[in-house]
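Okay, structure first, notes after.
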Amino acid sequence: MIALSSKTLPTLPASVEVFSYDRAALGVGIVHLSVGNFHRAHQCWYMDRLLHEPGHENWAFCGVGLIDDATERLKLDAFPAQDNLYTLTRYAPDGTSRHQVIGAMVDYVFAPRDPQAVLSRMADPATRIVSMTITEGGYNQDHATGAYRLETPLTQRELAQPDKPESAFGYIVEALRLRREAGIAPFTVMSCDNLRDNGVVAKRCVISHARALDPDLAQWIESNVTFPSSMVDRITPAVLKEDADRVNAECGVLDRLPVISEEFAQWVIEDNFVNGRPALEKVGAQLVPDVHPYELAKVRMLNASHSMLAYPGQLSGLETVRDAITDPAIGTLVEQFMSRDVIPYLTAPEDMPLPAYRDLVIARFSNPAVGDRLARITGDGSSKLPVFLAPSWNRLAASGGDLRRMAFVLACFIRYLRGRTDRGEAFTPFEPALPSAQHDLAKNWDSVFSMTVFESFTLDDNHRALIREMAENMEQRGTQAVLNELLEAIASDG
């Protein structure tokens, strides 16, 4: 295999697509906070296509690693060795694949090692957008109120020493302060995370952080910075060593950081940029006045359905999204959830008929080649479920609808937090945003519903009793048995 770098691009196999633009002529126009697989498979892929269009040479990405962990340190070593290049392998539903080299990220900075280099990039007049994929848990929000949590230790450290930021919002506020002080126009802040009204949420976090430091700065940001909302969609699984070895062998390229995704991609962006923007509509993105209808459909159908299948799937001993969606009972659960619990309560965009979108979601979940693991989907559920599932639960509860399907999955979530499958196999739940004291509440029924994750759900005594009964029955008889019984009861009800 050929080791990936700028020098080896001309020697790569003909089956690997390589960009034709002059990468040496590119300039950074966007600083992206937290360079995960999704960003590299989605936003960088769109930009890689756009960089072939004349006049877009100054819209390349500078990626920023925010967290000091083994994964980010691997990028710190691998990206420079590969000149910030990487391969993206896209799998179509029929299993066919396309391999390409992405060149849209021309710099990478590891923030824990050099925070000043990050601030310099963000304060540079050439930077006109700061985007981010920091996950739902990265927004430091109170689950019940949505308020930015100023009291957390990390935020308190940043407020005490604003020139030494650690979080996305610490960096954004300090960079905007530097630009204001220097008389430089502000940048646009663009969230690309799976949050309803993610631009509104990002603005609330930035303004709250700034106000705690300097009310005048907060007012300047509120008056001069825009925070467009966006809706992003492309299934992008975690890449384990065996996955990396497989795709490297397939394409004949030795890449230390390959990315895998499905073929489908969607990016809907509110057209609200304060300092210019790339013409992403030329490469398939949708620039619209209002993202909200698209966002609601995606979050409440695709993202929520991911959770609906992932928790029972993992507890049953299944491994991948495809394993779960092709399981007859779990597949029926997901189809009924979208058809009966979500679609009747959503208003669809004109170009996005919801029954067709439901069928597309199920087809995408069934892709045999993507191999998205359930453990990735179940992770950080304490941040995801209030966003993905609570709105549908609350709407259905208010209308007196059938909550049994969602109650079943909440029961699965509680069992997930207890870290044991139906077969008695122990696992460690991945809940980075859940403090240990909160996690401890999940251990017994006297305290479990006082967890902050449930503050977003309208729960009465009957709801709690239903969830508890389902969870206890699963403990005794297994997830599949309880699910089959639930589906039979629903069928008998007509």
- Message: Less than 4.0 angstrom from a charged side-chain N to a carboxylate O is my criterion; do Glu242 and Arg246 meet it?
- Response: no
- Query: Do the side chain of Gln438 and the main chain of Thr452 share a donor and acceptor less than 3.5 angstrom apart?
  - Reply: yes
- Message: Any donor-acceptor pair under 3.5 Å linking the side-chain atoms of Asn303 with those of Lys384?
- Response: no
- Message: With no hydrogens and no angle check, just 3.5 Å: does a side-chain donor-acceptor pair link Asn367 and Arg364?
- Response: no
- Message: Could you check whether any side-chain N or O of His209 sits under 3.5 Å from a backbone N or O of Val173, counting only pairs where one atom can act as donor and the other as acceptor?
- Response: no
- Message: Let's go through Ser167 and Glu158 carefully: what are the C-alpha distance in whole Å and the side-chain angles of both, what is the deciding distance for side chain to side chain donor-acceptor pair (under 3.5 Å) to 0.1 Å, and is it a yes or a no?
- Response: CA-CA 8 Å; Ser167 72; Glu158 292 182 310; 2.9 Å; yes
- Item | Candidate list Leu333, Leu318, Val334, Thr320, test side chain to side chain contact (heavy atoms under 4.5 Å, CB included), partner Ile325, passing option | Val334
- Query: Looking only at atom types and distance, does a side-chain atom of Lys75 sit under 3.5 Å from a main-chain N or O of Val35, one as donor and one as acceptor?
  - Reply: yes
- Query: Among side-chain atoms of Arg90 and Gln100, is any donor-acceptor pair under 3.5 angstrom?
  - Reply: yes
- Query: So, for Thr347 and Pro293, which heavy atoms are closest and what is the spacing to 0.1 Å?
  - Reply: O-CB, 4.3 Å
- Please tell me if the side chains of Arg98 and Tyr91 come closer than 4.5 Å, counting only heavy atoms from C-beta onward. no
- Task: Check whether any side-chain heavy atom of Ser191 lies under 4.5 Å from a side-chain heavy atom of Phe227, and answer yes or no.
- Result: no
- Note on the structure: Between Met122 and Ala175 the two heavy atoms that sit nearest each other are CB-CB, 3.5 Å
- Check whether any side-chain heavy atom of Phe110 sits under 4.5 Å from a side-chain heavy atom of Val118, and report yes or no. no
- Message: I'd like to check Ile330 versus Leu483 (side-chain heavy atoms, cut-off strictly below 4.5 Å). Are they in contact?
- Response: yes
- Query: Trp59 versus Leu50: any side-chain heavy-atom pair under 4.5 Å?
  - Reply: no
- Query: Would a distance-only check, ignoring hydrogens and angles, find a side-chain to backbone donor-acceptor pair under 3.5 Å from Asp422 to Glu475?
  - Reply: no
- Got a salt bridge between Asp493 and Arg404, using NZ or NE/NH1/NH2 to carboxylate O under 4.0 Å? yes
- Just by distance, do the side chain of Tyr311 and the backbone of Leu410 share a donor-acceptor pair under 3.5 Å? no
- Of His32, His39, Gln43, which is the lone residue that meets side chain to side chain donor-acceptor pair (under 3.5 Å) with Ser131? His32
- Closest approach of Pro312 and Ser307, non-hydrogen atoms and distance? CD-O, 4.3 Å
- Are any side-chain N or O atoms of Ser447 and backbone N or O atoms of Leu441, one a donor and one an acceptor, separated by less than 3.5 Å? yes
- Message: Side chains of Trp45 and Val259, heavy atoms from C-beta outward: is any pair under 4.5 Å?
- Response: no
- Message: Within the 3.5 Å criterion, strictly below it, is a donor on Tyr294 or Asp351 matched to an acceptor on the partner's side chain?
- Response: yes
- Message: Checking Thr155 against Thr152: is there a side-chain donor and acceptor pair closer than 3.5 Å?
- Response: yes
- Message: Quick test of your reading of the model: are Arg464 and Asp460 salt-bridged, counting only N-O distances below 4.0 Å?
- Response: no
- Task: Give a yes or no on this: more than 12 heavy atoms of other residues, nucleotides or ligands lie within 6.0 Å of atom CD of Glu53.
- Result: yes
- Message: For a quick test of reading the model, state the closest non-hydrogen atom pair linking Val274 to Asn224 and the distance between them.
- Response: CG2-O, 3.1 Å
- Shortest non-hydrogen separation from Pro278 to Ile129 and the atoms involved: CD-CD1, 3.8 Å
- Message: Determine whether a donor-acceptor pair (N or O, by modelled atom type, separation under 3.5 Å) exists between the side chain of Thr226 and the backbone of Asn272.
- Response: yes
- Does any non-hydrogen side-chain atom of Arg40 lie less than 4.5 Å from one of Leu257? yes
- Note on the structure: Checking Asp243, Ile377, Ile260 against Pro237 for side chain to side chain contact (heavy atoms under 4.5 Å, CB included), the one that qualifies is Ile260
- Message: Pairing donors with acceptors under 3.5 angstrom, does anything connect the side chains of Tyr139 and Asn198?
- Response: no
- Query: Glu281 versus Gln286: any side-chain heavy-atom pair under 4.5 Å?
  - Reply: no
- Query: What's the verdict on salt bridge (charged side-chain N to carboxylate O under 4.0 Å, His left out) for Asp197 and Lys203, showing C-alpha distance, side-chain angles and the deciding distance?
  - Reply: CA-CA 10 Å; Asp197 296 324; Lys203 180 176 182 178; over 6 Å; no
- Task: Determine, step by step, whether Phe388 and His306 satisfy the ring-ring contact (aromatic ring centres under 6.0 Å, His included) criterion, reporting the C-alpha distance in whole Å, the side-chain angles of both residues, the deciding distance to 0.1 Å, and the verdict.
- Result: CA-CA 9 Å; Phe388 299 163; His306 253 156; 8.8 Å; no
- With no hydrogens and no angle check, is any side-chain donor or acceptor of Arg121 less than 3.5 Å from a backbone partner on Cys62? no
- Does one side chain, of Arg358 or Ser305, offer a donor that lies under 3.5 Å from an acceptor on the other? no
- Hey, is Asp372 close enough to Arg322 for a salt bridge, meaning N to O under 4.0 Å? no
- Query: What is the ring orientation for Tyr416 with Phe413, classed by angle as parallel under 30°, tilted 30 to 60°, or perpendicular over 60°?
  - Reply: parallel
- Under 3.5 Å, is there a donor-acceptor pair between the side chain of Thr87 and the main chain of Pro258? no
- Query: Counting only heavy atoms not in Phe430, do more than 12 fall under 6.0 Å of its CZ?
  - Reply: no
- Task: Search all heavy atoms of Phe38 against all heavy atoms of Asp233 and return the closest pair with its distance.
- Result: CZ-N, 4.1 Å
- Donor-acceptor under 3.5 Å (Asn394 side chain, Thr458 main chain): yes
- Message: Taking the basic N atoms (NZ, or NE/NH1/NH2) and the acidic carboxylate oxygens, is any pair closer than 4.0 Å for Asp341 and Arg405?
- Response: yes
- Query: Looking just at side-chain N and O atoms, do Ser229 and Glu295 make a donor-acceptor pair shorter than 3.5 Å?
  - Reply: no
- Item | Polar contact flag, side-chain donor to acceptor under 3.5 angstrom, Glu485-Asn473 | no
